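Everything numeric here is computed off the predicted structure, so don't read it as measured data.
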There are 2 protein chains.
Amino acid sequence: MPPVNLKRLAQELNLSIATVSRALQDSHEVSAQTKERVKALADALGYQPNAYASSLRRNISKTIGVVIPEVNNHFFSLAINGIEEVARQNGYHVLIYLTHDDYEREVDITQYLTGGRVDGLLMSVASGSQDFGHLQKLYASKPAIVFFDRVCDALNTANVTTNDYESGYLATKHLLEAGCRHIAHLLLSGNLSIGRMRMQGYQAALQEHGLPFDETLVLTGYGDDEQNTELITDLLRSRPEIDGIFASVERLAISSYQACHNLGLAIPETIKIIGFSNLGVASLLAPALTTITQPAYEIGKEAARILLRAIEKKKPILPSQSLTLKSELFARKSTARG
Amino acid sequence: MPPVNLKRLAQELNLSIATVSRALQDSHEVSAQTKERVKALADALGYQPNAYASSLRRNISKTIGVVIPEVNNHFFSLAINGIEEVARQNGYHVLIYLTHDDYEREVDITQYLTGGRVDGLLMSVASGSQDFGHLQKLYASKPAIVFFDRVCDALNTANVTTNDYESGYLATKHLLEAGCRHIAHLLLSGNLSIGRMRMQGYQAALQEHGLPFDETLVLTGYGDDEQNTELITDLLRSRPEIDGIFASVERLAISSYQACHNLGLAIPETIKIIGFSNLGVASLLAPALTTITQPAYEIGKEAARILLRAIEKKKPILPSQSLTLKSELFARKSTARG
DNA sequence: TTTATCTACGTAAACGTTTGCAGAGGTGAG
DNA sequence: CTCACCTCTGCAAACGTTTACGTAGATAAA
């Protein structure tokens with residue numbers, strides 16, 4: 001059985017390939033009658049245009065790439081949800097790449113993507129990244145890029161983030177008002193602007209309460225959860241005065257719980273914990289975890305919208321299109337006053 | 001600046017396009033010296049082959065599609081992790097599509113995919129699907145398909161699943177041995193073989209303990225979590241004799257917790273709960289949730305391996321290549337003896 | 001009548017790659 | 001010297017689309 005492509009349709013209808021192609025695109029250059037005939041046969045034979053031929057010819061792939069550290073994380077999975085939603089509504093396909101917070105992988109991936117495979121890119125930078133040379137190369141090579149959450153300041157494009165400074169400030173203030181005086185701050189990387197912002201909020205709140213900023217209370221975690229639990233356990237053991245933890249990442253909040261369990265520290269009596277998290281079951285934890293929750297789904301949607309709009313209009317993305325959404329603080333048991 | 005493609009390289013090197021193409025593929029038909037020259041320039045100019053031209057010509061896209069109900073679910077996000085891992089190692093790209101357990105969307109998506117956009121497909125069927133006509137059409141249209149977890153028996157291909165009958169049996173038995181006598185079973189769809197298997201295991205365990213199978217204790221949930229919580233709350237209110245819940249899906253286990261909280265039912269004292277789940281924080285819940293945990297990451301990896309092997313060898317996938325991995329039961333507080 | 005305009009279709013080139021075939025030049029055997 | 005063979009390279013077609021351009025016929029304006 002011959003494949004069902006334009007040529008096949010054209011032959012069966014005694015038309016030229018051009019006319020068939022135009023008919024399927026509802027071109028005004030084709031008579032209504034012919035359009036009918038073409039569409040009827042196309043439906044009957046189940047014609048599906050060859051995406052690669054079309055992409056090649058038009059230099060448009062109707063595909064976007066999503067490059068993120070991990071997917072097994074509520075923030076990112078919700079973001080993907082939003083991205084996929086918007087993409088689908090606009091007839092775009094979504095390619096997914098995971099960096100596992102590894103710099104090397106991120107470099108590899110960005111290289112694949114310079115081939116025009118995608119029309120645009122949504123990205124959240126790996127915490128392990130130090131320089132952004134690979135991103136600049138990628139940026140120069142064409143596709144529109146929008147960063148979300150973990151942004152890269154070095155590129156002249158739009159970012160979709162949350163009010164990280166304010167959130168860091170409020171989280172810390174929340175702990176202070178609950179009575180904490182020695183607050184540890186856990187984060188993944190000091191290189192990312194997102195981490196710096198939260199850190200600055202943390203410092204501002206401390207200062208406002210007349211407390212010194214103690215560098216040794218800042219812990220930078222790795223990718224591996226067990227390793228992080230280990231690190232946090234060590235920190236808590238060696239610094240028994242710590243009475244509050246501000247975790248900048250969901251995973252570190254969980255590891256903190258584990259560490260406290262290990263050491264038999266009572267939450268919130270002897271130590272209070274607040275963390276960035278999109279964990280749906282935060283309220284069901286023992287004890288319920290106080291969270292700063294980012295609107296992950298909306299972030300994904302907005303980032304995708306900015307990207308697709310730029311692609312469709314063939315206009316470059318301007319930093320002025322950046323968006324800042326608000327996170328929300330849900331006070332729960334883990335930071336209740338002793 | 002002219003684009004950097006084969007033509008450009010050929011011109012600068014005074015070679016033909018054909019020779020350049022062959023050189024980059026390490027063809028034995030090109031002299032070592034020429035290969036060197038070509039590769040050097042390609043590197044220098046940052047040449048990236050046009051994926052669409054290549055796909056068009058070779059009729060191979062080096063891309064697989066992943067069609068799943070949702071991504072905000074630990075089982076699927078871990079599976080994606082495994083899939084992406086294997087795909088990347090083999091130079092494949094991963095397109096992702098979410099059905100949100102909606103039949104219509106699944107039909108739409110399968111239609112996109114009949115265009116030769118992907119070389120193969122990994123799929124977990126939407127719980128809302130009733131007939132599989134769309135899948136049969138898709139199957140007929142070419143690409144290799146491997147189902148995982150939520151399989152479609154109607155197609156003559158390989159499935160990667162877990163020991164669902166056994167798991168359903170063991171979960172129920174676990175509750176029975178903990179003292180439960182009125183066990184509700186929550187699931188998403190009775191149409192999927194996976195649901196039927198677990199249900200049969202549930203029934204077998206009941207029978208073994210001389211207990212009758214009570215249809216009214218079986219609850220079929222929807223997509224929306226709040227709605228499910230509502231349903232479960234109603235069930236528990238109207239049937240106070242229920243002293244055990246076997247949730248066939250992570251989300252239903254969580255909703256069960258919510259329902260118990262709403263009603264002030266003590267877990268595990270008055271009611272015990274076990275659920276299929278890949279929730280990392282299961283042990284941190286109040287109380288810690290007894291789970292049957294599927295090896296989601298391995299499932300993703302194995303499914304991807306079977307698929308890619310078939311693609312590379314251009315051989316059809318046989319049902320005999322199906323794999324059954326083992327789930328593990330983690331007994332925790334939520335099913336402890338009163 | 002001629003000329004212009006419009007409609008509906010066809011011709012052919014182009015997108016960038018891969019690959020069958022041919023051929024030029026060199027080497028070795030008879 | 002001839003013939004065969006091997007090495008390296010080029011020519012050109014093909015993959016399935018899209019689209020600039022051309023054109024035949026019809027209609028309308030002059």
Side-chain angles (χ1 to χ4, degrees), chain A residues 1-39 41-42 45-63 91 112 114-119 141-142 314, chain B residues 1-39 41-42 45-63 91 114-119 141-142:
Chain A
M1 187 151 75
V4 37
N5 49 26
L6 290 184
K7 193 201 275 188
R8 165 95 178 276
L9 293 179
Q11 280 173 349
E12 305 224 356
L13 292 166
N14 265 323
L15 288 171
S16 74
I17 292 178
T19 302
V20 175
S21 172
R22 279 189 278 248
L24 292 172
Q25 300 175 65
D26 252 338
S27 162
H28 62 277
E29 295 188 81
V30 177
S31 73
Q33 192 192 354
T34 305
K35 277 186 199 172
E36 279 305 319
R37 288 210 305 144
V38 172
K39 287 180 183 172
L41 185 64
L45 297 184
Y47 168 74
Q48 280 292 127
N50 181 302
Y52 296 109
S54 177
S55 294
L56 174 61
R57 175 57 222 248
R58 304 186 27 193
N59 202 23
I60 276 175
S61 65
K62 282 277 181 182
T63 304
Y112 296 148
T114 51
R117 187 180 285 272
V118 297
D119 296 336
S141 95
K142 276 210 255 193
K314 294 175 192 283
Chain B
M1 189 150 72
V4 37
N5 49 26
L6 289 185
K7 192 201 274 188
R8 166 94 179 278
L9 293 179
Q11 280 171 350
E12 305 225 354
L13 292 167
N14 265 324
L15 287 171
S16 74
I17 292 178
T19 302
V20 174
S21 172
R22 278 190 276 247
L24 291 172
Q25 300 175 67
D26 251 339
S27 162
H28 63 277
E29 296 187 83
V30 177
S31 72
Q33 193 192 352
T34 306
K35 278 187 197 171
E36 279 305 317
R37 288 210 305 144
V38 172
K39 287 180 183 172
L41 184 65
L45 296 184
Y47 168 75
Q48 281 292 125
N50 181 302
Y52 297 108
S54 177
S55 293
L56 174 60
R57 175 57 222 245
R58 304 186 23 189
N59 201 24
I60 277 175
S61 64
K62 281 278 179 183
T63 303
T114 51
R117 187 180 284 272
V118 296
D119 295 336
S141 95
K142 274 209 255 191

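OP1 or OP2 of C:dC9 sits under 4.0 Å from a side-chain N or O of A:Ser31. Taking only side-chain nitrogens and oxygens, B:Asn59 never comes nearer than 4.0 Å to OP1 or OP2 of D:dC15. In this structure, B:Tyr47 reaches the C:dT17 phosphate: one of its side-chain N or O atoms is under 4.0 Å from OP1 or OP2. Contact between the side-chain N/O atoms of B:Thr34 and the OP1/OP2 oxygens of D:dC8 is not found at any separation under 4.0 Å. Here B:Thr19 does not reach the OP1 or OP2 of D:dC8: none of its side-chain N or O atoms lies under 4.0 Å away. Distances shorter than 4.0 Å separate some side-chain N or O of A:Ser16 from OP1 or OP2 on C:dG10. For B:Ser21 and C:dT18, the shortest distance from a side-chain N or O to OP1 or OP2 is below 4.0 Å.
Here D:dC15 presents its C1' atom at 13 Å from CG of B:Asn50, a figure rounded to the nearest Å. Atom CG of A:Leu6 and atom P of C:dA14 are 20 Å apart (whole Å). Computed from coordinates, the A:Leu24 CG to D:dG16 C1' distance equals 13 Å when rounded to whole Å. Rounded to an integer number of Å, the gap from A:Lys7 NZ to C:dA12 C1' is 14 Å. Taking atom CG of residue B:Leu13 and atom P of nucleotide D:dG10, one finds them 10 Å apart after rounding to whole Å. Atom pair B:Lys62:NZ and C:dT18:P shows a separation of 12 Å (rounding to whole Å applied). Per the geometry, NE2 belonging to B:His28 stands 13 Å off P belonging to D:dT9, to the nearest Å. Atom pair A:Tyr52:OH and C:dT18:C1' shows a separation of 17 Å (rounding to whole Å applied).
Contact of B:Glu29 with D:dC8 (side chain to base): no donor-acceptor pair of N or O atoms is detected under 3.5 Å. Side-chain N/O atoms of A:Arg22 and base N/O atoms of C:dG10 include a donor-acceptor pair closer than 3.5 Å.
B:Leu15 comes within contact range of the sugar-phosphate backbone alone, with a heavy-atom separation under 4.0 Å but no base atom that close.
Remark on DNA chain D: of its neighbouring residues A:Leu56 and B:Val30, the 5'-side contact belongs to B:Val30, judged by nearest-heavy-atom nucleotide.
Of the possible donor and acceptor atoms, none in the side chain of A:Arg22 sits under 3.5 Å from a partner among the backbone N and O of A:Glu29. A:Lys35 places a side-chain N or O within donor-acceptor distance of the main-chain N or O of A:Ser27, the cut-off being under 3.5 Å. B:Ser61 places no side-chain N or O within donor-acceptor distance of the main-chain N or O of B:Ser55, the cut-off being under 3.5 Å.
Here the side chain of A:Gln25 is nearest to one of C:dT17, D:dT17, D:dT19, namely D:dT19.
The residues A:Lys314 and A:Asp119 are annotated as not salt-bridged, no charged nitrogen and carboxylate oxygen being separated by less than 4.0 angstrom.
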Residue pair A:Thr63, B:Tyr52: steps toward the side-chain contact (heavy atoms from CB on, under 4.5 Å) verdict: CA-CA 12 Å; A:Thr63 304; B:Tyr52 297 108; 4.1 Å; yes
